[in-house]
There are 2 protein chains.
Amino acid sequence: MSTAASPPGRPGRRPSTSRVELEKVAFRLFDRDGFDATTVDDIAKAAGIGRRTFFRYFDSKNDVVWGAFTDHLEYMRERFAARPEGEPVMESLRAVVVDFNRVDEGETDRHRRRLELILRVPALQAHSTLRYADWRAVVAEFAARRTGAHPGDLRPQAIAHAALGTALAAYEHWLGGQGSDLCAVLDTAFAELARGFEEESRCS
Amino acid sequence: MSTAASPPGRPGRRPSTSRVELEKVAFRLFDRDGFDATTVDDIAKAAGIGRRTFFRYFDSKNDVVWGAFTDHLEYMRERFAARPEGEPVMESLRAVVVDFNRVDEGETDRHRRRLELILRVPALQAHSTLRYADWRAVVAEFAARRTGAHPGDLRPQAIAHAALGTALAAYEHWLGGQGSDLCAVLDTAFAELARGFEEESRCS
DNA sequence: TTCCATTTGACACCGGGTGCCATTAATGTC
DNA sequence: GACATTAATGGCACCCGGTGTCAAATGGAA
């Protein structure tokens with residue numbers, strides 16, 4: 001039961017489980033009891049490992065929810081770099097963000113529960129800020145490069161924040177509505193963002 | 001030493017201190033030892049109260065930093081309501097946000113240290129999300145009313161997020177630079193925001 | 001078998017936060 | 001002055017997340 005995917009012929013004892021395995025166990029408990037009511041001890045016990053070991057797989061209980069987010073960020077950075085130089089900023093943004101949120105068919109359910117937790121559980125809302133900051137940094141970096149500014153400057157920062165806000169609003173909409181495609185929602189959301197702000201400062 | 005401003009002739013024992021008093025004590029310790037290294041016990045001991053009592057004044061250690069923020073939000077809502085109906089959204093926004101950040105001459109130093117903590121200490125960055133959410137809700141509510149949308153809709157949300165991002169960028173700039181006036185920084189920041197996005201979706 | 005690298009998990013500890021409850025201090029009444 | 005009432009206090013035990021330490025378990029290589 002506890003034999004993990006034993007990696008190649010490397011010396012030393014083999015891990016007794018894996019991040020994904022732990023994630024599955026944890027999500028099952030989160031579904032059943034809620035995030036707050038599930039203790040790390042519960043997860044460890046359900047996974048058949050020691051509490052201490054859990055913290056070797058994840059830095060914190062919060063981190064379980066985020067899966068391989070950090071790795072994905074690097075991918076997002078690459079996608080930005082791959083966009084044609086002349087493309088309007090907002091359009092690149094739309095393409096990359098939509099692509100960033102595309103998940104395998106089988107994963108879409110997990111993705112939904114993931115977002116549900118992140119957006120609804122206060123402890124995770126708080127924690128998510130730190131992750132969002134990294135996400136925004138990638139966006140700001142891109143926006144800065146395109147507009148010839150520094151990532152810390154006002155415009156890139158505002159763009160990054162607005163992009164994040166748009167994505168979050170789209171997530172909310174997707175979670176609220178019944179089953180429409182997330183990518184489609186994001187796509188229209190970012191299209192509206194570009195149009196929206198264009199009018200914004202002109203009319204009432 | 002511990003006699004607080006004894007309120008009127010109300011029955012029952014009088015509070016032995018006050019939120020502001022505790023805040024002062026705490027900030028002194030934060031300055032000296034840093035936020036993380038300062039325990040609640042330290043604060044309680046320095047204030048001459050029990051640890052348990054501390055948590056009757058503040059819901060959490062994090063909350064100490066935020067002072068009367070929640071009360072201020074109601075004031076901000078009023079200011080929005082007081083803006084002339086025909087004024088451009090971005091302009092109302094600028095006026096209100098700038099006004100919201102105006103503090104008494106004597107308080108400006110505390111305000112600075114407050115922002116410094118919120119923006120730099122990870123634990124507080126995370127916690128701040130929950131406060132920002134309330135702030136954004138007020139902005140989104142206003143933006144929605146003006147544009148005839150729902151606060152949860154995309155445009156108000158994007159505006160609120162962009163406004164928050166702009167404010168944060170301005171704070172950062174203010175903290176980094178030497179002593180220029182915060183309100184001035186915010187003012188130009190929001191002016192740029194309106195101009196910036198106007199060009200944004202048109203050029204590269 | 002021996003050596004070495006690696007993971008494991010038990011244990012003790014810290015710090016934030018909460019429920020409980022007896023105690024203390026203030027008021028007003030008889 | 002004795003008494004109930006009201007409110008704040010603070011000690012205590014407890015939960016939970018997170019960390020440092022260290023001996024033991026595991027498996028490959030010599």
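Just so you know, these numbers come straight off a predicted model, no measurement behind them. The sequence lines fix the lettering, A, B, ..., with proteins before strands; numbering per chain opens at 1.
- Salt-bridge annotation for A:Lys61 and A:Asp36: absent, with no side-chain N of the basic residue lying under 4.0 Å from a carboxylate O of the acidic one.
- Here CG of B:Leu186 is found 6.5 Å from CZ of B:Phe190. Values are rounded to the nearest 0.5 Å.
- Within residues 23-34 of chain B, no residue is approached by DNA chain C to less than 4.0 Å at the level of any non-hydrogen atom.
- Listed by first then second residue, pairs satisfying ring-ring contact (aromatic ring centres under 6.0 Å, His included) with a partner in residues 34-59 of chain A read A:Phe30-A:Phe35, A:Phe54-A:Phe58, not counting sequence neighbours.
- Between B:Glu74 and B:Arg77, at least one side-chain nitrogen of the basic residue sits less than 4.0 Å from a carboxylate oxygen of the acidic one, meeting the salt-bridge criterion.
- Between B:Phe80 and B:Phe142, the ring planes are parallel. Angles under 30° get that label, and only those over 60° would be called perpendicular.
- With B:Leu182 as the partner, the side-chain contact (heavy atoms from CB on, under 4.5 Å) test is satisfied by one option alone out of B:His111, B:His173, B:Arg112: B:His111.
- Both B:Phe35 and A:Gly12 sit near DNA chain C, but only A:Gly12 has its closest nucleotide nearer the 5' end.
- Within residues 51-62 of chain A, the residues approaching DNA chain C are A:Arg52, A:Thr53, A:Arg56, A:Tyr57, by heavy-atom distance under 4.0 Å.
- Within the structure, every side-chain polar atom (N or O) of A:Thr39 is placed at least 4.0 Å from both OP1 and OP2 of D:dC16.
- Scanning for side-chain contact (heavy atoms from CB on, under 4.5 Å) contacts around B:Arg56 gives B:Arg52, B:Thr53, with sequence neighbours left out.
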(message) What does the 5'-to-3' dot-bracket notation of DNA chain D look like when only Watson-Crick and G-U wobble pairs under 3.5 Å count, and pairs to other strands show as |?
(response) ||||||||||||||||||||||||||||||

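- The pair A:Glu23-A:Arg19 fails the salt-bridge criterion, with no side-chain N (NZ, NE, NH1 or NH2) lying under 4.0 Å from an Asp/Glu carboxylate O.
- To the nearest 0.5 Å, atoms CD1 (B:Ile159) and OG1 (B:Thr166) are separated by 11.5 Å.
- If you take CG of B:Leu22 and P of D:dA8, they are 14 Å apart, rounded to a whole angstrom.
- Put simply, CG on B:Asp187 and CG on B:Asp99 are 11.5 Å apart, with the number rounded to the nearest 0.5 Å.
- In this entry the distance linking CZ of B:Arg19 with P of D:dA8 reads 14 Å, nearest Å.
- Dashed line: the shortest gap from a side-chain N or O of B:Ser16 to OP1 or OP2 of D:dA8 is not under 4.0 Å.
- For A:Glu172, the side chain to side chain donor-acceptor pair (under 3.5 Å) test picks out A:Arg120, with sequence neighbours left out.
- Protein atom NE2 of A:His127 is 19 Å distant from nucleotide atom P of C:dG16, rounded to whole Å.
- For the pair B:Arg13 CZ and D:dT5 C1', the computed distance is 16 Å after rounding to whole Å.
- No salt bridge links B:Arg102 with B:Asp181; every basic N to acidic carboxylate O contact stays at or beyond 4.0 Å.
- Here C:dG9 presents its C1' atom at 10 Å from CD1 of A:Ile49, a figure rounded to the nearest Å.
- A straight line from CG of B:Asp36 to P of C:dC14 spans 17 Å, rounded to a whole angstrom.
- Backbone-only engagement by B:Gly50 is indicated by non-hydrogen atom pairs under 4.0 Å involving sugar-phosphate atoms exclusively.
- Between the CZ atom of B:Arg10 and the P atom of C:dA25 there is a distance of 17 Å, given to the nearest Å.
- In this structure, the CG atom of A:Asp63 is 12 Å from the C1' atom of D:dG18, given to the nearest Å.
- Side-chain N/O atoms of A:Arg14 include one lying less than 4.0 angstrom from OP1 or OP2 on D:dG27.
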